[in-house]
There are 2 protein chains.
Amino acid sequence: MSNPRKPAPAGAEHAPLELEHFLPYRLSILSNTVSQAIADDYQRKYDLGMTEWRVMAVLARFHGLSAREVAERTAMDKVAVSRALARLVEAGRVHRDTHDGDKRRSVLSLTEAGWLIHDDVAPMARAREREVLQKLDPDEQQWLTRILDKLQPVAQK
Amino acid sequence: MSNPRKPAPAGAEHAPLELEHFLPYRLSILSNTVSQAIADDYQRKYDLGMTEWRVMAVLARFHGLSAREVAERTAMDKVAVSRALARLVEAGRVHRDTHDGDKRRSVLSLTEAGWLIHDDVAPMARAREREVLQKLDPDEQQWLTRILDKLQPVAQK
DNA sequence: ACGTTATAGTTACATTTGAAACTAATAGCA
DNA sequence: TGCTATTAGTTTCAAATGTAACTATAACGT
């Protein structure tokens with residue numbers, strides 16, 4: 001497999017973008033690869049989408065959230081959350097009650113079945129994360145955390 | 001707006017995932033935000049999708065690529081490339097020839113109109129990237145590059 | 001209490017995306 | 001040469017996603 005090099009443009013006053021050094025491009029590939037690797041673990045096994053898994057993850061931490069609160073915690077929009085919840089409730093993985101003083105709000109929690117799935121998937125997800133992080137030296141890991149912390153506010157519009 | 005804290009689960013032997021510290025989750029939000037910020041610049045102005053822009057970017061650097069080679073260089077799959085090219089050719093932004101010795105292959109290049117768009121969008125994209133990077137100190141920028149270099153192989157399956 | 005405005009959540013529609021099947025052309029090999 | 005396997009690229013169908021409109025309930029101001 002010889003590398004099929006192609007010549008750069010003739011005139012070359014065009015300053016084309018070098019995709020492979022372009023931050024947004026690199027981030028997007030890395031992000032997709034990492035997320036996909038994890039999703040592969042549970043997608044087939046439980047017929048569970050990434051959005052559904054994220055909803056389950058926050059419901060595992062916070063009891064009795066409303067759909068809107070789930071949306072905040074997952075950085076998903078309310079339509080995506082609504083759809084994920086519809087599937088999760090249908091599948092008997094999430095229980096949906098109505099708030100006492102406000103009939104608009106739902107009160108959400110994992111069911112027994114939901115917990116079983118969570119307790120299987122969460123360790124797998126953590127293990128995958130570890131696999132990725134172990135490609136980095138400890139100091140690189142720390143810098144990465146620090147960098148993500150700094151860029152986080154950019155992401156939270 | 002008081003922070004609506006909710007109690008952690010009672011039993012607490014479930015070890016739920018803390019999404020906001022979970023690498024894949026953070027990467028995905030950051031990646032989406034950054035890419036979207038850039039895409040907003042050209043999406044409306046030129047009715048140009050991110051996939052189409054990426055195709056244009058590699059065609060600006062490498063002349064006469066085939067669709068498959070574009071797919072390799074953009075890390076997109078061939079179906080996505082095929083669709084992006086269909087739109088670009090239709091819009092008169094990319095010229096599609098057939099390879100001399102192999103009638104299956106296309107030989108692609110930007111048209112005059114394509115170059116005009118490229119020369120407008122590329123600097124905008126670079127400027128946005130700079131905006132993001134300037135949130136980081138110089139040493140953090142260097143670490144980020146180094147970290148991405150190290151994780152790159154993970155992403156290139 | 002009443003009309004207006006805002007909020008929680010769902011539904012509907014249009015667009016995007018992905019996987020698999022398909023077509024056309026080339027390559028490999030007997 | 002002729003048969004089979006590959007490769008380039010497109011089409012098709014289903015699932016995922018985004019936007020806007022909609023329903024129901026609650027909050028607010030008078």
Side-chain angles (χ1 to χ4, degrees), chain A residues 1-2 4 28-29 31-33 35-37 39-40 42-44 46-55 58-59 64-91 94-108 157, chain B residues 1 4 28-29 31-33 35-36 39-40 43-44 47-55 58-59 64-91 94-108 157:
Chain A
M1 261 177 231
S2 76
S28 120
I29 291 184
S31 164
N32 288 342
T33 313
S35 285
Q36 201 46 54
D40 285 347
Y42 54 75
Q43 216 121 45
R44 290 181 180 262
Y46 293 113
D47 183 30
L48 187 69
M50 189 180 64
T51 56
E52 290 161 54
W53 164 244
R54 285 187 182 169
V55 169
V58 302
L59 291 181
L65 292 186
S66 69
R68 187 185 56 75
E69 290 169 319
V70 169
E72 280 174 9
R73 300 260 179 202
T74 54
M76 292 162 55
D77 79 75
K78 63 178 185 171
V79 178
V81 170
S82 172
R83 285 196 268 239
L85 283 172
R87 286 206 71 201
L88 289 169
V89 170
E90 164 68 27
V94 165
H95 178 74
R96 171 154 48 189
D97 256 332
T98 300
H99 188 98
D100 272 358
D102 185 346
K103 289 176 203 159
R104 292 171 305 178
R105 270 179 222 175
S106 47
V107 176
L108 303 161
K157 53 148 190 319
Chain B
M1 260 177 230
S28 121
I29 290 182
S31 165
N32 289 342
T33 313
S35 286
Q36 201 47 53
D40 285 347
Q43 215 120 44
R44 288 180 183 263
D47 184 27
L48 186 70
M50 188 180 65
T51 57
E52 290 161 55
W53 164 245
R54 285 187 181 169
V55 169
V58 302
L59 291 181
L65 291 185
S66 68
R68 188 185 55 76
E69 290 169 319
V70 169
E72 280 174 9
R73 300 259 179 204
T74 53
M76 292 162 55
D77 77 76
K78 62 178 185 171
V79 178
V81 170
S82 172
R83 285 196 267 239
L85 283 171
R87 286 206 72 200
L88 289 169
V89 170
E90 165 67 27
V94 166
H95 177 73
R96 171 155 47 190
D97 256 332
T98 300
H99 187 98
D100 273 358
D102 185 345
K103 290 176 203 157
R104 291 170 307 179
R105 268 179 226 176
S106 47
V107 176
L108 302 161
K157 54 152 183 312

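Proteins get letters first, then strands, A, B, ... in listed order; numbering begins at 1 in each. No hydrogens, no waters, no symmetry mates; every other heavy atom, side chains included, goes into these values. Because the structure is predicted, anything quoted here is derived from the model rather than measured.
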Encode nucleotides 20-29 of chain C as B, S and - characters from 5' to 3', where the letter depends on protein heavy atoms closer than 4.0 Å: B to the base, S only to sugar-phosphate, - to neither. B---BBS---
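By the side chain to side chain contact (heavy atoms under 4.5 Å, CB included) test, A:D40 is found to be paired with A:Q36, residues two or more places apart in sequence or in another chain being considered. B:R104 pairs by the salt bridge (Lys or Arg N to Asp or Glu O under 4.0 Å) definition with B:D102, not counting sequence neighbours. For B:S82, there are no side-chain hydrogen bond (donor to acceptor under 3.5 Å, both in side chains) partners two or more places apart in sequence or in a different chain. Taking the side chain to side chain contact (heavy atoms under 4.5 Å, CB included) definition, one finds that A:A71 meets it with A:V81, sequence neighbours left out. Remark: A:Y42 pairs with no residue by the side-chain hydrogen bond (donor to acceptor under 3.5 Å, both in side chains) rule, at least two apart or across chains. Shown here are the side chain to side chain contact (heavy atoms under 4.5 Å, CB included) partners of A:S28, two or more places apart in sequence or in another chain: A:N32, B:S31, B:S35, B:R54. Looking at residues two or more places apart in sequence or on another chain, you find no salt bridge (Lys or Arg N to Asp or Glu O under 4.0 Å) involving B:D100.
Within residues 80-90 of chain B, the residues that have a heavy atom under 4.0 Å from DNA chain D are, in order of number, B:S82, B:R83.
Sorted by first and then second residue, the salt bridge (Lys or Arg N to Asp or Glu O under 4.0 Å) pairs involving residues 74-91 of chain B (not counting sequence neighbours) are B:D47-B:R87, B:E52-B:R87.
Atom-to-atom, CD of A:E69 to P of C:dT7 comes out at 15 Å; the value is rounded to the nearest Å. A straight line from CD of B:Q43 to P of C:dT16 spans 9 Å, rounded to a whole angstrom. Rounding to whole angstrom units, CE of residue B:M50 and P of C:dT15 are separated by 19 Å.
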Is there a side-chain contact (heavy atoms from CB on, under 4.5 Å) between B:M76 and B:V55 once you walk through the steps? CA-CA 9 Å; B:M76 292 162 55; B:V55 169; 4.2 Å; yes
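Extent of DNA chain D lying under 4.0 Å from chain A heavy atoms, first and last nucleotide in 5' to 3' order, is D:dT17 to D:dA26.
Expressed to the nearest 0.5 Å, how far OG1 of B:T51 lies from CG of B:L88 amounts to 8.0 Å.
Annotation: of the two residues near DNA chain D, B:R96 and A:T51, the 5′-most nearest-nucleotide partner is B:R96.
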